[in-house]
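These notes are about the structure you will find just below.
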Amino acid sequence: MSSQVEQLEAALKAAIGRAISNGEISGQSPHSITLERPKNRDHGDYATSVALQLAKAAGKNPREVAQIILNQLKGLDSISALDIAGPGFINITLNRSSQAELISIILKAGKDFGHGSALAGVRINLEFISANPTGPLHLGHTRWAAVGDALGRVLSAAGADVTREFYINDRGNQMDLFGASVEAAALGKAIPVDGYQGQYISDLAAQVVAGNPAIISLPEDARHPAFREAAYAVQLKDQQRVLDNFGTHFDIWFSERSLHDEGAVEHGVEKLRTKGHVFEEEGATWLRTTDFGDDKDRVLTKSDGSFTYFSSDTAYYINKRERGFDICIYMLGADHHGYVGRLKATAACAGDDPEYNIHVLIGQLVKIMEGGQEVKLSKRAGTIITLEELVEKTGVDAARYTLIRYPVDTPMVMDIDVLKRNTNENPVYYVQYAHARITAVLRNAAELKISVDLKGFDSSQLTHDRENELLGKLAEFPRVVASAAEMRQPHRIARYLEDLAGTYHGFYADCRVLPMGEENATPLHIARLLLCTSTKVVIANGLDLLGVSAPERM
RNA sequence: GCGCCUGUAGCUCAGUCGGAUAGAGUACCCGCCUUCUAAGCGGGUUGUCGCAGGUUCGAUUCCUGCCAGGCGCGCCA
């Protein structure tokens, strides 16, 4: 894949190893060498600062160390120039035609280009959204609906075996209150104190009654659960429909009730008890999470014998691990960050490594602007914005892309008015436009009956600076995907795509791709068309990782 | 009080395991479509990287303290 980079890294490492065994440098060989792409193109295609890092232990100045490494670094025909710059950076310039070989690598890999094996064999449970089935999904869920889905795709691309899971909080007081609210609405009675308000409750009531008119005349003690269950079913189905429309799909919808029905909660408590972190006090059963850094111990079973919400969470974690997942990723809103400590402590209590087996991502809240004003979200005032409404206003691609584009630990502001615009203020269009533009060029090539085939590819044709720049950018894609997966940051893909799109537009402006007029297609035209095709593949693959479409025309 | 997140250009934000002259978009000014999608390209202007110390060849990045903003700290769910 990016084998050139890997080869270079290996060659550097070998060169350092030889210098050390010669005694030219003292110290240890670093466990890994990182090549970076310099911001400034005068610094070559790749650069490394190993010489600076080794200088101290070697007792020599960094430029000397760099020279020693270079002396050992011979016989790589893919390199056209090696320079020592500044305090001791080694700058590497690749042989251009060798760099152009990337095109055949991309075209042969196709949809798989960018995929890697860093997480091969790792089973990951990715849990996100996990809303109560007591109302529509709103803005607070929307960020995760987009980012969680993209992260799932990115982790899969890194080779992980990913299961996306939605935990349905379908148990407890809130469900009863929800049922009672819908029931009251159906019967024309007042909504209970602390009950659920809003138009959607009346709508649900109407749907429930329409689906089963006899429900109203049930005796009271049968009517109450009947309303709760019917409303639950309708609301859950609605959430599933909205997410499906948003392009976010789950492998498992996991019911909290099912944990209790199958005795998993008791099982979880017993398992923790065998690990020695459970104790009884004041009639309640506790988990000593303070053994592992939590700020207070947590109750598993209340003094009245019933289970706490925390006990469900604990049991659910244990259940996931027993189902064979190596890593459990939780994506929570900032208003739940207080749970991180106890979740990690729970994992530790279960005998797991909280640094590896569990990973909690905290997403800061999203603010929304419309008409130049912040929309204050308030259930009481009826100004909640649902995921569905957001999509209606902006479209799936713009909403998803914008939500994914920022790291989740920064609070973000979504400006609805900007998202509605089809301009460059809306970066999704910038990227999509590049894809559509390439597609148009390739369409025209097909009409001219130019055969765009690797057989006719002469890599030495690509000598223009713009071509070189574009090739370099394409070569970065696999590393971007790998780091997005490793750091759980899908926004890196989006930023990369914007960068790549910009590089392509620059190439397009300066390099004519198709023959003009009656001109025949030359090897240069073919090579450029193949470069375009490669770029199209990478943009499409990147957008796919975000769940955003790659349009053929715009 | 304790804990988590944030503070980078007028605005919205990137910034790879600590690297070279801190970057995009937007806004503002100036150029570029008698041949491939101008939703584009090129050029110009914009910085106390919140403040103060520390670690080192080197800090926007790591550590400590402080300032400002957001959020959270139930035998609730």
Side-chain angles (χ1 to χ4, degrees), chain A residues 32 34 36-40 42-43 47-49 52-53 55-56 61-62 85-89 91 132 134 169 171-175 177 256 281-286 295-296 298-304 306-310 312 333-341 362-365 367 369 405-413 415 418 421-427 429-430 432-434 436-445 448 476 479-480 483-484 486-487 489 491-492 494-495 498-499 501-502 504-517 519 528-529 532 553-554:
Chain A
S32 69
T34 47
E36 47 194 73
R37 293 205 54 95
K39 290 168 197 163
N40 187 334
D42 295 339
H43 297 147
T48 178
S49 60
L52 291 126
Q53 289 156 16
K56 194 172 190 185
N61 88 51
F89 291 98
N91 293 337
N132 294 326
T134 56
N169 295 122
R171 191 174 169 277
N173 294 342
Q174 293 304 312
M175 287 301 289
L177 212 47
E256 183 187 354
E281 192 174 291
E282 295 172 20
T285 303
W286 298 67
D295 43 4
K296 57 188 78 165
R298 307 290 169 177
V299 172
L300 288 165
T301 314
K302 299 184 215 172
S303 48
D304 66 3
S306 61
F307 290 112
T308 59
Y309 188 82
F310 174 66
S312 296
D335 51 343
H336 286 84
H337 76 250
Y339 294 90
V340 177
I362 296 297
Q364 297 299 313
L365 305 180
K367 279 187 196 170
M369 303 279 290
R405 202 175 165 251
Y406 303 97
V408 293
D409 47 15
T410 43
M412 65 168 289
V413 179
D415 189 327
V418 168
R421 265 175 238 154
N422 289 1
T423 71
N424 271 359
E425 291 168 82
N426 209 345
Y429 289 106
Y430 186 75
Q432 289 183 320
Y433 181 69
R437 200 178 212 188
I438 296 170
T439 310
V441 172
L442 296 176
R443 216 164 27 229
N444 295 339
L448 294 171
E476 286 177 46
R479 305 173 110 199
V480 171
S483 72
E486 185 190 348
M487 304 176 85
Q489 292 185 334
H491 81 275
R492 287 169 185 281
R495 298 292 171 163
E498 290 166 30
D499 200 9
Y504 180 79
H505 288 312
F507 156 79
Y508 180 89
D510 287 354
C511 297
R512 174 77 199 188
V513 177
L514 294 173
M516 304 232 256
E519 209 183 346
R528 285 181 172 169
L529 278 164
C532 288
R553 298 170 198 269
M554 287 174 77

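To find a chain, count down the sequence lines: A is the first, B the second, and so on, and within it residues start at 1. Because the structure is a prediction, the values reported are computed rather than measured.
As rounded to whole Å, 8 Å separates atom P of rC13(B) from atom CE of Met412(A). Atoms CG (Leu365(A)) and C1' (rC71(B)) sit 7 Å apart, rounded to a whole Å. In this structure, CZ of Phe89(A) is placed 13 Å from P of rG58(B), rounded to the nearest angstrom. Separating the OH atom of Tyr429(A) from the C1' atom of rA38(B) is a distance of 17 Å, rounded to the nearest angstrom. Nucleotide rG15(B) holds its C1' atom 11 Å from the CD atom of Gln489(A), rounded to whole Å. Residue Leu52(A) contributes atom CG, which lies 8 Å from atom C1' of rG19(B) at whole-angstrom precision. Rounding to whole angstrom units, CZ of residue Arg492(A) and P of rA24(B) are separated by 18 Å. For Glu498(A) and rA14(B), the CD to C1' distance is 9 Å, given to the nearest whole Å.
Note that Arg495(A) lies in the cation-pi zone of Tyr406(A), set by a 6.0 Å cut-off to the ring centre and a 45° limit from the axis.
With RNA chain B read from its 5' end, the first of the two nearest nucleotides for Met554(A) and Pro515(A) is the one closest to Pro515(A). Annotation: of the two residues near RNA chain B, His505(A) and Arg405(A), the 5′-most nearest-nucleotide partner is Arg405(A).
Each of rU35(B), rA38(B), rC36(B) was ranked by its minimum atom distance to the side chain of Met516(A); first place goes to rU35(B). Of the candidate nucleotides rA20(B), rA38(B), rC41(B), rA38(B) has the atom lying nearest to any side-chain atom of Arg437(A). The side chain of Val441(A) has rU37(B) as its nearest neighbour among rG19(B), rU37(B), rG70(B).
Centre separation under 5.5 Å together with a plane angle under 30° does not hold for the ring of Tyr406(A) and the six-membered base ring of rC13(B), so they are not marked as stacked.
Judged by distance alone, with hydrogens and angles left aside, Asp499(A) brings no side-chain donor or acceptor close enough to the base of rA14(B) to form a pair under 3.5 Å.
Residues Thr308(A) and Lys302(A) form a side-chain contact, since some pair of their non-hydrogen atoms from C-beta on lies under 4.5 Å apart. Counting heavy atoms from C-beta outward, Arg405(A) and Met412(A) have side chains that stay 4.5 Å or more apart.
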Checklist entry - Just by protein heavy atoms under 4.0 Å, how would nucleotides 72-77 of chain B read 5' to 3' in B, S and -? => result SSSBBB

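When heavy atoms are screened at a 4.0 angstrom cut-off, Cys511(A) is found touching base atoms of the nucleic acid. Ser49(A) comes within 4.0 angstrom of a base, heavy atoms only. Within the nucleic acid shown, Ile362(A) has no heavy atom closer than 4.0 Å to any nucleic acid atom. Counting non-hydrogen atoms under 4.0 angstrom, Ala434(A) reaches nothing in the nucleic acid. Residue Val413(A) is in sugar-phosphate contact alone, with no base atom involved, counting any heavy-atom pair closer than 4.0 Å across all strands shown. At a threshold of 4.0 angstrom between heavy atoms, the contacts of Ala445(A) with the nucleic acid are absent.
Every residue two or more places apart in sequence or in another chain that forms a side-chain hydrogen bond (donor to acceptor under 3.5 Å, both in side chains) with Ser49(A) is listed here: Gln53(A).
Checked against the 6.0 Å centroid threshold, Tyr504(A) and Phe507(A) count as a close aromatic pair.
Base orientation at rC33(B) is syn, since its O4'-C1' glycosidic dihedral falls within 90° of 0.
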Checklist outcome for this item: Output field dot_bracket for RNA chain B (Watson-Crick or G-U, both distances under 3.5 Å, | for other-strand pairs) contains (((((((..((((.....[...)))).(((((.......))))).....(((((..]....))))))))))))....

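Residue Asn444(A) places no side-chain N or O under 4.0 Å from the OP1 or OP2 atom of rU35(B). For rC41(B), the OP1/OP2 oxygens have a side-chain nitrogen or oxygen of Tyr430(A) closer than 4.0 Å.
Counting all heavy atoms, side chain and backbone alike, Ala334(A) lies closest to Ile362(A) at CA-CG2, 3.7 Å. Across all their heavy atoms, Leu529(A) and Ala445(A) have their closest contact at CD2-CB, 3.7 Å.
Counting only N and O atoms by type, the side chains of Gln174(A) and Thr134(A) include no donor and acceptor under 3.5 Å apart.
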